[in-house]
Amino acid sequence: MMNNMSAMTTTMKTKAATMNPSKISARGVQVYYGDKHAIKDVDIEIHPRSVTAFIGPSGCGKSTFLRCINRMNDTISSCRVEGHIAIDGEDIYDPKVDPVQLRAKVGMVFQKPNPFPKSIYENVAYGPRIHGLASRKSDLDDIVASALQKAGLWNEVKDRLDAPGTGLSGGQQQRLCIARAVAVSPEVILMDEPCSALDPIATAKVEELIHELRENFTIVIVTHSMQQAARVSQRTAMFHLGNLVEVDDTDKIFTNPDDQRTQDYIMGRFG
Amino acid sequence: MMNNMSAMTTTMKTKAATMNPSKISARGVQVYYGDKHAIKDVDIEIHPRSVTAFIGPSGCGKSTFLRCINRMNDTISSCRVEGHIAIDGEDIYDPKVDPVQLRAKVGMVFQKPNPFPKSIYENVAYGPRIHGLASRKSDLDDIVASALQKAGLWNEVKDRLDAPGTGLSGGQQQRLCIARAVAVSPEVILMDEPCSALDPIATAKVEELIHELRENFTIVIVTHSMQQAARVSQRTAMFHLGNLVEVDDTDKIFTNPDDQRTQDYIMGRFG
Amino acid sequence: RDQIQIAGSSTVLPYASIVAEAFGENTDFPTPVVESGGSGAGRKKLCEGVGENTVDIANSSSRIKQSDIDNCAANGVQEIQEVRIGYDGIVFASEINGPEYAFTPADWHAALAAKVVKDGQLVDNPYKAWNEIRAELPAQPILAFIPGTKHGTREVFDEKVIIAGCEENGTYEALKAANNGDEDAAEKACMALRTDGVSVDIDGDYTETLARVDANKNGIGVFGLSFYQNNTDKLRVATMNGVSPSVETIASGEYPVSRPLYFYVKNAHLDVIPGLQEYVEFFVSDEMAGPDGPLAAYGLVSDPELAKTQEAVQARKPMGPLN
Amino acid sequence: MSVSIIILVVLALSALGYFLGRRRALSLAAESGGKLHSLPGYYGQTVALFAAVPAFLLLIAWLFVQPVVIDARVDGMIPDSVIPEGGARSLVISDVRRIAGGLDAVLARNALDEGALIDGSVDFSTIRDRLAEVGIALGNDVPTEVFEAAKVYRQDTKVGSTAMAIAVIALSMGLGAWSFMRIRPDLRARNISEGFIKSLLIGSSTIAILTTVGIVASLVFESINFFRMYPASEFFFSTVWNPQFRGGSELGILPLLWGTFYISLIALLVAVPIGLLIAIYLSEYASKSLRSVAKPAIEVLAGIPTIVYGLFALITVGPFLRDWFAQPLGLGSSSSSVLTAGIVMGIMIIPFVSSLSDDIMNAVPQALRDGSYGLGATQSETIKKVILPAALPGIVGAILLAASRAIGETMIVVLGAGAAAKLDLNPFEAMTTVTVKIVSQLTGDTEFASPETLVAFALGLTLFVFTLGLNVLALYIVRKYREQYE
Amino acid sequence: MTDVSVSANRETVSRSKSILTVDARTRRRHAAEARFRLMGKIAVAISILALVGLLASILSNGLSAFRQTYVTLDVYLDPAKLDKQGNRDPEAIAKVTTFSYAPLIQKALTDAMAAKGISIEGLNAKGASELISKEAPANLRRYVIADPSVIGDTVSFDLLASGRIDGYYKDRVTMESAQLDRNVSPEQLMLADELRQAGILTTKFNWDFFTAPDASDTRPEASGLGVAILGSAYMMLIVLVLSLPLGVAASIYLEEFAPQNRFTDLIEVNIANLAAVPSIVFGILGLAVFINFVGLPQSAPIVGGLVLTLMTLPTIIIATRAALKAVPPSIRDAALGVGASKMQSVFHHVLPLAMPGILTGTIIGLAQALGETAPLLLIGMVAFVREYPAAPPEGFFDPASALPVQVYNWTQRGDPAFVERASGAIIVLLVFLVAMNLIAIILRRRFERRW
Ligand SMILES: Nc1ncnc2c1ncn2[C@@H]1O[C@H](COP(=O)(O)OP(=O)(O)OP(=O)(O)O)[C@@H](O)[C@H]1O
Ligand SMILES: Nc1ncnc2c1ncn2[C@@H]1O[C@H](COP(=O)(O)OP(=O)(O)OP(=O)(O)O)[C@@H](O)[C@H]1O
Ligand SMILES: [Mg+2]
Ligand SMILES: [Mg+2]
Ligand SMILES: O=P([O-])([O-])[O-]
């Protein structure tokens, strides 16, 4: 099996290298948590203005890899990243790169909703404020309102923008976090299971949002729902035990995957 | 619409009252967060040894109502519950009732995974320990192992039971919380979106677990996935804006709902 | 710096502050600042060097030591004047409602020493009550609050009461014999006090001793005369060798336990710090330090040779090496 | 120009720099239509910081260096002949300073100007009287050399402070202007100003190190002197503490260390359980209103001067323990005892444990509590098994702080436990601590250069090393049991 | 354990079927819960009780310090005594010492007694004049020197009664104790009673206690806290301005920015250890560094403030670090995720959440700093200071005393009248402390929240 796998990755490497241009390109990425080898030699190209879905069984390293893309892994002291990830051709692990600027460009929605213990308004306004996106209060109000609308939360909270963000329901918190990420209009948005806590309608709204955003932005989304991956993404990457099993056009992956594991996973025959 | 709705609830009331016996029966439950009226006059009967699914758009009060059933709402100081909820005919809001014993009997898995900052083993062993379920270390080991197996986490963590529970991936954390709840073998298990962070295989495992547990236990599950509700539950309750729109056999709800809103929600035409 | 800086003894502090206050009131000079950090620390500060951020005067409840003078010299403080301002009486007092005590140094030695002579034998101190030592003394348990080893008073107490008593009651001879005639060792052995809680060292001040006497009604405390004079309604003073302590009996030398108090002036500062010379003269003037002055009224035993001191101060006569 | 005016000017320049920098950033961005790298405020901040920080550093350095330079110059003008017998050069120099200060006042009083002083049209033959008029008292008459030196001193100081004002303000303006000119839309202003702030943060944390260096340095020198006079083996291993005035003291540290340990232990045995229980009660059980009153109230315990506790120990607790416990149990009849001091000290340090632990426990996320309640745990089980472990690092910190306070306390020990150094297990016996003896040996009546006084430094150093060891241990324990929540 | 079998005997654990009847185990657990809770209550009660007890003793001893007995006399400022040459030359008048003023007061008192027809057997004029504080002549002298033209007038003065007389009206001195007391006689007390009847002797609120400087041992009635309050205020100003920002800055660096390595461990241990350094050692440090090395003046609040700052820093740092540690990492992630810099995430989110702990550290640290005497002993602030320091910043360099120093000094004095004053000073100190911490306490309450 080990042989099989490494053969596979080699094939992919050559394939990926021929595809151009890509917004994000990763080469030989290895991630360790202390001794634990969580991501093993991953190479991937992520296309601009498109949605890439990461799928794979729980614990396979999707979140970990996602966090590498905006260097959120810097905050975990035990975490060590090797290899090369470039956005627009610029190596993001270059010492000259300012992770802050990077993160302003590459927004993130986390798997567990983590609103600030502040008001709903402040939660969304925070990003635009620090990036100076609004010079007047009314601009800021507009940004907040439109972000909340995009995240499908506006109707539920418009009367209580001053209420604490932590007093929302689970799904509302998740949408608040989406609104917060959208409000700074990043170029790339990383979404770690943004819809897991959402009902179908809210999910539909977020998917619609993703669809809209795709026109201008690059989106990477981690999801456990094959249906969702199929619905929203143009390309899909399948992870397993820290390896990138395969990455290809979504249609291809869902109809005719190269790898048996992908096939099995999609058919729910895995584990 | 208001009229329509109250008419509806009256119908349901009479209907629910005629059905017997029920494990959990709620009458006229109202929940307020400060001024916010989060649950409005809900009456529901939950049948023993069966799975009841709560569905409804985000923020409609599913979690809130669920938390009423094991009095977890007691911990939110701004939260006020009115009405009457009985388990096995005993009013759980009776001053004589001991919430601790109640919660031992009515287990809960939360929407946001909340592992203790302890080792994986200790996370699961915690409940059995406080309830004195194991007299010997080996018994405890057995309980922990079987709970982790039921939650489908065993294989991933069996080599690192001493690692901190907070170092797991999102889905792993959620399964850890399920294992933790199962380990005390409660009579009723309340699950607030237990599978939202899980991949299809893990989800399938949990659904299998639910299926197994149903033989002996009463299960209430909040889910956003209609498919899941259809797969696992015998009965489904639909919430909307704090109201219980309708509750009935799952087959009925998914094929021929009484209420237009249910119809719309299921068809994804809502909002 | 405009004002005089004084540091040193807490025993001298009350007198120094009375003088400083009067000095500030009656002259154009600001009131001197009088620190209290202990005689040793005061002399150390005096000897730290010459200059504005060193003190001008050190109060001391005991005579300066040669090592201090050497230290001074090493730091460029060449000339210091020694000014003796009077005597401090040391009294023994107990709770006002308790019995009267008439002590001799021998009684104290017998009460507090680690080893005493009993029936011709050198034994561990067996005494529990005063009347076991001498039948005339009251039948009270022995409990003494004596100054701790940080206080200069302890030195005087050791010398004028314990060692004197040791010699009086013959223990000294016995100890000398036991130490093969070594006088130093015998003296040291004389001063070894019992450690079974009968003799309690006080590291604090007289108010602590007073509070302890208050809490232990049969305790006897060692106080300064002025402190006792301020609390005559709470304390009953004991006689020593039949003499009751007072300013007069101490001045005349009848009452045995007393010690001189001093201050030391850094001559190099005399013409630099405004008012320093005036302060020194004011301190030893008859108006302040004389037998009818406020210091005596407060309990300082006026120095019979005050006139000499006044002359010396006028002449700014530095002290020579200790003999 | 006085220092405070210079400071004000620099502050004003820096404020001005802030506004100009901000405006320039905004207008440049508007002109070029490009996006600013950072918020406009950060551009202002860089200008402000460049205008202020180096200028202040220069000011401080100048203030230190100038007197040294001028003193050296003046020093050269004073021949040895004018230094009085037994006096010191430094005193003459301070005379110079005083005269120089007085001259200003004299000139002001006589409504004269600089010229008059220099061309000698003012009669300074009676300088002493002249100065006395303006309240500058001088000892003896002033030699001409000193007077000349004073004039030079005055002149130099004037020139110096003018130069300083010019230099500081010029630096402020220069760097301010430079950083102002440097502003371009893509300038990483936030990184610059954050870099500045970070170096301030680093600077602050080095103060702790410097303090330690200072403490060790100020203790080591005299400790070495002590060990020259007194054998180290005796000091560390002797069980007798008995200083004497006439020499031949026995200065063994063991009874003092034992007393310190014993008293602190009892104090912690009182304070830790009570303090933790209070923290638990206040953070988990008590109503908001009770908490908001009780917490500050309990904190007052830490602010009551220790003399009050000492007297409380001496007058109330001591006799009580003696009459009700020690004597009936046959454990002695001392009214000062380790137990007395320990209990009273324990009460004093309760707030250190309770308030800090309360804050930390309050910070444990509610989700963890919910998780535990959801499993049917009682509140106390939740607290003991979930909240306390999660809050452990903070709680250990609080306990260490309390222990530190107990080790450092003197008044309560003096009044409550007495001054006798003893090695004994009986808690009803009087004992004393290292700290008490440091204070009493330092403030005592012994000569300074004697082992009896110098021992205070050796005691301080030993205690320092000792507590260092304990702290390393505590850090190790915390690391081992730390539980990090999300 | 790999071979897992669900043990059947688990079900045998007896659990009550009904939630209304509590099973034995749960009952035991509840009993434990109740005990635990009760222990908490007892702990709070103990500490509150201790607080109340201590405060009660302080108040009962010290409240009387806020009232003081005065004697109102019409004093004839006799030119024959005060201005022998009669030309009102200020220099000559300034040469007249307080010793010459005392007879004027004695005469005024005798006159007043005669006017009211008061005479006490066995009490001569000198004895009667001992009713009046030794401070009184100084008051008169100051008055005259301020305006020599009043010489020759008869002026009404409120003069302090001596400490023992004052004590008589505060139940400290009784007729019985006066019998034994060397410093007061029953006759004098009788005279005081008569004067009180005649309205000459009154007890009023003692403003001077807050404004007057310290006085020597012979004048407890004249001593006040003016210099001490100023000294403490100056020092606390320095401590607050330096230790809070420095402490918080150091903690932020160590907790949020510093790389986790041996060196940071060293600093961490080092700071914890500094907290354990006895305060007197900070005094040694202050003497060596600030006075001997830097050359700052003795007895000055600047040195005291710096020393206390160094002493308070560890407390604040330890509290702040603990509070920073307790902030959940998910909050930091959230901020970084929207592109906030580390600095911004700390200052915007982490710091506000850690605020309660920081403020607690500040409250406790300042309480300690305000009440500390030992380090001041070595830098010369434990001193008898009568001159007020100037306004800051110059005043930072003038000699001053401090509240705890005043307490410490007064408790050491022989005259029992100082006991009341020391307790009074403690009350002032506590009020000062509470006032100083009030803002912190209120702020802390606002920042406290659970998430
Ligand atoms: N602690 C709280 N304080 C105030 N309001 C709250 C609190 N928790 C929930 N709410 C409000 O109560 C309503 C119901 O919340 P609840 O958590 O029950 O929703 P839900 O149905 O579980 O939604 P989701 O599917 O998003 O989890 C929402 O409007 C929410 O904002
Ligand atoms: N902070 C951490 N410390 C140590 N190990 C970690 C940490 N975070 C994640 N891991 C481990 O790394 C592996 C990959 O985790 P990751 O969170 O990337 O999984 P995932 O694919 O996102 O899973 P899920 O779908 O469950 O969220 C898992 O085995 C997990 O246990
Ligand atoms: Mg994940
Ligand atoms: Mg919910
Ligand atoms: O303070 P003293 O040196 O006099 O004890």
Side-chain angles (χ1 to χ4, degrees), chain A residues 33-34 63-64 67 71-79 88 90 94-105 110-118 125-137 139-140 143 164-170 173-174 177 183-187 192 197, chain D residues 18-19 21-46 183-198 283 288 359-371 374 393 475 478-480 482-486:
Chain A
Y33 290 113
S63 301
T64 302
R67 289 168 67 102
R71 290 186 58 177
M72 276 306 293
N73 272 337
D74 290 12
T75 63
I76 300 174
S77 60
S78 71
C79 181
D88 293 332
E90 294 170 72
D94 189 298
K96 278 206 302 269
V97 164
D98 180 5
V100 173
Q101 237 177 326
L102 172 69
R103 290 184 201 128
K105 205 161 146 181
F110 295 85
Q111 186 165 8
K112 261 195 211 181
N114 53 356
F116 298 127
K118 291 179 184 272
Y126 180 70
R129 272 228 183 88
I130 57 172
H131 295 300
L133 301 187
S135 46
R136 276 165 310 153
K137 174 85 175 82
D139 291 355
L140 195 59
I143 295 179
T166 43
L168 294 173
S169 82
Q173 289 189 10
Q174 187 62 298
C177 293
V184 296
S185 15
E187 289 174 26
D192 200 349
Chain D
Y18 178 84
F19 284 111
R22 204 184 119 95
R23 224 180 49 196
R24 180 170 156 96
L26 281 173
S27 67
L28 281 181
E31 260 170 43
S32 65
K35 210 170 147 288
L36 283 176
H37 168 275
S38 313
L39 286 184
Y42 283 109
Y43 294 88
Q45 269 181 34
T46 44
I183 291 176
R184 272 180 294 117
D186 59 348
L187 179 75
R188 296 177 162 205
R190 184 179 48 69
N191 304 46
I192 295 173
S193 94
E194 285 185 353
F196 248 105
I197 291 170
K198 192 162 167 190
S283 75
K288 243 192 149 122
D359 287 327
I360 305 299
M361 286 165 56
N362 213 40
V364 174
Q366 181 64 28
L368 289 186
R369 291 183 182 83
D370 284 354
L475 181 74
V478 170
R479 285 279 158 83
K480 191 152 174 206
R482 173 167 189 187
E483 293 182 351
Q484 172 76 56
Y485 49 80
E486 288 191 61

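Chain naming here is simple, since letters A, B, ... match the order of the sequence lines and numbering starts at 1 in each. Any value given below was found using the heavy atoms of this structure, including those in side chains, with hydrogens, waters and symmetry copies removed.
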Student: With a sphere of 6.0 Å drawn around NZ of D:Lys288, does it hold more than 12 non-hydrogen atoms of other residues, nucleotides or ligands?
Tutor: no
Student: Between D:Arg190 and A:Asp98, is a side chain to side chain contact (heavy atoms under 4.5 Å, CB included) present by the stated rule, with each step listed?
Tutor: CA-CA 11 Å; D:Arg190 184 179 48 69; A:Asp98 180 5; 3.1 Å; yes
Student: In terms of heavy-atom contacts, does CZ of D:Arg184 have more than 12 from other residues, nucleotides or ligands at under 6.0 Å?
Tutor: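 Result for CZ/D:Arg184: open.
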Student: With a 4.5 Å limit on heavy-atom distance, are the side chains of D:Glu194 and A:Val100 in contact?
Tutor: no
Student: For the residue pair D:Arg188 and A:Gln101, what are the closest heavy atoms and their distance?
Tutor: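 Heavy atoms only, the tightest pair is NH2-OE1, 4.0 Å.
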